[in-house]
Amino acid sequence: MSRLQREMACRRRLADGSGERWLWAVGSGLPWVGLAVLLLHGLTRRTFTPFLYGLTSLGAVGFLILTLGGLPDDLASRNRLPSSTVPAAITLLCVAAFAFGHRQGQEKAARDARQWLELDR
C-alpha cells in the first residue's frame, strides 16, 4: 500500500463520526447483509481490526451462552419458552455483541490512524 493510500484510509477512519461508526457496526452485524457491509468497511478503511474485535466479542458471548445456559433447546425447556423464541433472542444477542465489538475495534483503528498520521509528518 502506498503512503497516499494509507493516509487516505487513516483520514477516512478519523472522519467517521460516532453515529456513522455505530451504523457501520450495526450494519456489519446483521445476518446476510453484514458480510457485504463488513467487506466494504474493511476495504475503504484499510483495516481489519474492527472485524477482529467483533469476532472476539461474538466468541466471548457464544462461550458465555454455552457455558451458562446450554444449547437453545435446553434453555427453552428449562424456562418453559417456545423453542423458536430462544434462538431469536440468541441471534439478537450475538448481533449486538458483534456490533459492540466492531465499534470498539473502530475506536482502536481510529487511534492507530491518528498515530500513523502523526508519525508520517
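Quick note: residue numbers are just sequence positions, from 1.
Annotation for Arg45 and Asp16: closest pair NH2-OD1, 2.9 Å, computed over non-hydrogen atoms.
With contacts defined as side-chain heavy-atom distances shorter than 4.5 Å, the pair Arg111/Gln115 does not qualify.
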Name every donor-acceptor pair, under 3.5 Å, that has one atom in a side chain of residues 22-40 and the other anywhere in the protein, sequence neighbours excluded.
{"unit_1": "Ser28", "atom_1": "OG", "unit_2": "Trp24", "atom_2": "O", "d": "3.2"}
{"unit_1": "Ser28", "atom_1": "OG", "unit_2": "Ala25", "atom_2": "O", "d": "2.9"}

Side chains of residues 48-64: which donor-acceptor pairs under 3.5 Å do they make with residues two or more places apart or in other chains?
{"unit_1": "Thr49", "atom_1": "OG1", "unit_2": "Thr47", "atom_2": "OG1", "d": "3.3"}
{"unit_1": "Thr56", "atom_1": "OG1", "unit_2": "Leu52", "atom_2": "O", "d": "2.8"}
{"unit_1": "Ser57", "atom_1": "OG", "unit_2": "Ala97", "atom_2": "O", "d": "2.8"}

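For Glu7 and Arg11, the salt-bridge test passes: some basic side-chain N is under 4.0 Å from an acidic carboxylate O. The pair Arg13-Asp112 fails the salt-bridge criterion, with no side-chain N (NZ, NE, NH1 or NH2) lying under 4.0 Å from an Asp/Glu carboxylate O.
For residues 99-121, the pairs satisfying ring-ring contact (aromatic ring centres under 6.0 Å, His included) are His41-His102, with sequence neighbours left out.
To the nearest 0.5 Å, atoms SG (Cys10) and CZ (Arg3) are separated by 11.0 Å. The CD atom of Glu20 sits 11.5 Å away from atom CZ of Arg12, with the distance rounded to the nearest 0.5 Å. To the nearest 0.5 Å, atoms CD (Gln5) and CE (Met8) are separated by 9.5 Å. Taken from CG in Leu119 to CZ in Arg114, the straight-line distance is 13.0 Å, to the nearest 0.5 Å.
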